[in-house]
Structures are given as C-alpha cells and as structure tokens.
Amino acid sequence: MYRIAVIPGDGTGTEVVREGLKALKKIRDLFEIDFEFKEYDFGGERYLRTGETITDEDIEELRGFNAIYLGAVGHPGVKPGILEKGILLKLRFALDQYINLRPIKLYPNVPTPLAGKGPDDIDFVVVRENTEGLYCGSGGFLKKGTPDEVAIQEMVNTRKGVERCIRYAFEYTRRRNHEKKLTLCAKTNVLTYAHDLWDRTFREISLEYTDIKADYAHVDATTMWMVKNPEWFDVVVTTNMFGDIITDLGAMIQGGMGVAAGGNINPEGVSMFEPIGGSAPKYEGKNQINPIAAILAAQMMLEFLEEHEASLALENAVILTLKRLKSLSAGKMGFTTAQVGDLVADAIADSINKG
Ligand code: IPM
Ligand code: MN
C-alpha cells in the first residue's frame, strides 16, 4: 500500500492531476498495487484565504507519505515568488529533494520543432541539482530604490551538495544503461570558483565509474547542441539554474509543456512528481489543457516506487494515446482534458493485453 499526498495546486493543476489519478486508479484495478491518496489544498486560493503557504507542520505530515504528486503552483492573484518560494521550493528544500530528474524523450508521432530529428535522436535525461545554487534564496539589497542600489543574489555550492548530485547522476547513467555517457553542463570558463568545484568533483567521482564516459559541455554550448545534435546526450548533470533553463528548451524539443514531466527526488526520503509546465491560468477550468505531462509524472512516480511493470504499461498507454491526438497544445488536441485521460486509462488495459 502506497500513501500518496496529492497537491493539485493552482490553475490547471487540478484538471491534470485528476487525469493522472484516473490512470493510477486504473493501475490499482489492473495490478496488485494499492494506493491511498490524501489531497491537500496548498496553493493560491488557500493563500489568499488564510495567508498560509505551507507550514512546518504540513511538511512534517508530508514526511509520512511514500511520494507526493503535484499539479502546478502559480496564481495570477498572488505576487510572483510567494507561492513558488512558499510552496514549490519549500517542499523541494525542506524534504531535501536534491535531484530534479527531467527526461527529454520524444515519443513516436509527437511533432518536434527540430527538423530532421526523431525519437532516436531525442532521448536523454537531465539531472538537475535541486536544493542549492542560485535557488538558495540568499542575498539582499543595499540602498534599495535609490540610484546607488545594490542587489546581491548569492550562488551557494557545497561540496556535499555537488557531490551527492554528481554521484546520483553517475549511478543513474549506469542504471539507464544507454550510451553510458554523462555530460557535466556548467560554465567553468567564467564561474571559476563555483564551477571549479563542480568540475573537480565530477572528475574525482568519474574515476569510480570507469564504465561511464565522462564528458563536459559549457551551458551555452549545451543549448546549441540540444538543438543541433540532441543525439549526443545520454545523461546531463547540471546546476539548479542551468537545469531550469535547459529543461524548458528540452521540453520544447520533446513536444512541448504538454508532455514534459519531472521528479524531485530524495533517494533517502519523500520524492515529488510534477508536470514541469506551470498553472496556465488562461486555460483554467476549460477542460482543454493537455494532461499527458501530469500522467507521465505519475508514471515516473511508479518507476520510482519500483513498480516497473505498471510504469511500463502506463508509458505504453501514453504512447498509444499520443498517436490519436491531433496536437499536443491546449485546446487543439481534438479531445478534452478528461477525454485524453480516458484514452490513457483505456489504453492501459490494452497495453497489458498486448504485452
Ligand atoms: C520549474 C519551475 C520552478 C523552478 C519555478 C516555478 C520556481 O520553473 O520547476 O522548473 O524554477 O524550478
Ligand atoms: Mn522551470
């Protein structure tokens, strides 16, 4: 029995999480896997009502779950930064989810903006450090609002934080067993302190993984190769901010925000799975948003729970469903959000029968 905390969050988060749960309930019926879901109302509405984002007591309660399933955070009525810091980043930091795992995988029949590239070319995983770097929230203003204003935003890199991320990436590359190539994406030519630490740590750890080819690319070059030669990448390990940026580019080449999912992983604790697109307030309540990314987040959660068969069945169901969608964009799928969820749920049974 898995206890799953469900945080639909803001905007279209509720709609896409509903479809992810539909898939998980189908999995429950077809496999010998039991889930208990508990829903939480963290998000913009609750914040506007109570002034609370996530309290320390909430965090303590969340520690008791096997995983967290999150929709989206971001509300047009709340100043940018409050919910992101107060909910999403607070969860990542407080639960020490030090890895943000983001597969960039182009599924068959999904259009990519990259001319001449197909599913064989676009299939890699970004391991993004998720608790440090420019996201640590350390800094301040001096003489704010004056012509002499100084704004400092500190980038924190700890040996421990860097090492555990790189070590995870090597282990992941080995387990993935594709090209067995791990690329460090950084900016050692400019960030000569912070990324010297990354580079040194990467080289040291690489000596323990002689079966893995350790490669390096500057972040600017990485964006270039992601467009020109995405087939060069197998696993990419990078810092929090760079990982944020290159995975939005990754989402675009894999078919858009409608399909991009990620996992915030604490290998020793509670992990959290989410579609990486935002709350898309423009589409809220319209039954038009694409739920595939949220469904793939649920699939990553199954994989993380080591329910490999169920995870494979759900992934196959998504592949079957993707063939039937006219487009992956909101409002253009040829189906409503709920209908796409139904297609996936039905395809799970089909994919088991075939498999
Ligand atoms: C993401 C998002 C978040 C981030 C924001 C909403 C804080 O862009 O998950 O990539 O920057 O990590
Ligand atoms: Mn982002």
Side-chain angles (χ1 to χ4, degrees), residues 7-14 16-17 20 42-44 47 53-54 67-105 124-139 153-157 161 165 185 219 222-223 226 236-266 271-284 289-290 292-294 296-298 300-301 304:
I7 307 175
D10 298 315
T12 51
T14 312
V16 297
V17 156
F42 310 128
Y47 174 74
T53 48
I54 284 197
I68 302 170
Y69 186 43
L70 174 76
V73 168
H75 191 292
V78 181
K79 191 174 163 235
I82 294 181
L83 302 173
E84 291 82 351
K85 273 192 171 176
I87 299 178
L88 184 61
L89 299 180
K90 179 149 184 186
L91 283 165
R92 289 178 182 170
F93 292 178
L95 298 172
D96 205 19
Q97 293 162 342
Y98 61 85
I99 299 296
N100 197 327
L101 197 63
R102 297 189 162 182
I104 314 293
K105 183 169 180 178
F124 61 97
V125 179
V126 176
V127 176
R128 165 186 173 186
E129 199 290 320
N130 210 30
T131 54
E132 302 193 340
L134 279 167
Y135 277 73
C136 68
S138 164
Q153 192 89 41
E154 287 160 340
M155 174 166 59
V156 171
N157 299 266
C165 176
C185 162
V219 64
T222 301
T223 62
M226 278 175 71
V236 175
V237 63
T238 192
T239 64
N240 208 343
M241 182 56 93
F242 290 173
D244 177 48
I245 298 166
I246 69 169
T247 56
D248 265 23
L249 174 57
M252 287 305 117
I253 69 173
Q254 75 182 125
M257 285 301 178
V259 287
N264 302 275
I265 313 281
N266 176 344
S271 298
M272 175 168 78
F273 299 85
E274 55 172 341
I276 81 170
S279 56
K282 192 173 130 193
Y283 292 102
E284 181 176 358
I289 197 79
N290 187 343
I292 294 288
L296 285 171
M300 286 184 78
M301 182 165 80
F304 176 79

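Remember, it's 1-based here, ligands and their atoms both numbered in the order they're listed. Remember, it's a predicted structure, so these values are computed and weren't measured experimentally. Numbers for residues simply follow the sequence, beginning at 1.
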Quiz item: Cut-off 3.5 Å, side chains only: do Asn130 and Tyr135 have a donor facing an acceptor?
Solution: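 Distance-only check fails for Asn130 and Tyr135.
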Practice problem: Inspect the contact between Glu274 and Arg92 and indicate whether a charged nitrogen and a carboxylate oxygen are less than 4.0 angstrom apart. | Solution: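 Here Arg92 pairs with Glu274 in a salt bridge, since their nearest N and O are under 4.0 Å apart.
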Exercise. Report yes or no: is the cationic atom of Arg102 (NZ for Lys, CZ for Arg) closer than 6.0 Å to the six-membered ring centre of Phe273, at no more than 45° off its axis?
Key: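 Cation-pi check for Arg102 and Phe273: fails.
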Quiz item: Does some non-hydrogen atom of Arg102 fall short of 4.0 Å from ligand 1?
Solution: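 Arg102 counts as a contact of ligand 1 under the 4.0 Å cut-off.
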Exercise. Work out whether the distance between some heavy atom of Asp244 and some atom of ligand 1 is less than 4.0 Å.
Key: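 Within the 4.0 Å threshold, so yes.
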Any non-hydrogen side-chain atom of [X] less than 4.5 Å from a side-chain atom of [Y]?
{"X": "Leu134", "Y": "Val156", "value": "no"}
{"X": "Lys90", "Y": "Leu95", "value": "no"}
{"X": "Tyr47", "Y": "Ile82", "value": "yes"}
{"X": "Leu83", "Y": "Leu88", "value": "no"}
{"X": "Asn264", "Y": "Leu91", "value": "no"}

Practice problem: For atom 3 (C) of ligand 1, grab the closest protein heavy atom and report residue, atom and distance to one decimal in Å. | Solution: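 Ranking protein heavy atoms by distance from atom 3 (C) of ligand 1, first comes Leu88 CD2, 3.9 Å.
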Exercise. Provide, to 0.1 Å, the distance between atom 11 (O) of ligand 1 and the closest protein heavy atom, together with that atom's residue and name.
Key: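 Here the closest protein heavy atom is Tyr135 OH, 2.6 Å.
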Self-check item: Closest approach of Tyr69 to Val16 (non-hydrogen atoms, all atoms of both residues)
Solution: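 Result for this residue pair: OH-O, 4.3 Å.
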Quiz item: Between Glu84 and ligand 1, is there a nitrogen or oxygen pair with a distance under 3.5 Å?
Solution: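 No, since none of the N or O atoms of Glu84 sits under 3.5 Å from an N or O of ligand 1.
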Practice problem: Could you list which atoms of ligand 1 come closer than 4.0 Å to a heavy atom of Arg92? | Solution: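 Going through ligand 1 atom by atom, the ones under 4.0 Å from Arg92 are 1 (C), 4 (C), 9 (O), 12 (O).
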Quiz item: Looking only at heavy atoms, is any part of Lys85 under 4.0 Å from ligand 1, and if so is it the side chain, the backbone, or both, or is it neither?
Solution: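 The answer is neither.
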Quiz item: What are the protein N, O or S atoms, given as residue plus atom name, that sit under 2.8 Å from the Mn ion (ligand 2)?
Solution: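 Under 2.8 Å from the Mn ion (ligand 2) - ignoring waters, which are not counted - the protein N, O or S atoms are Asp244 OD1.
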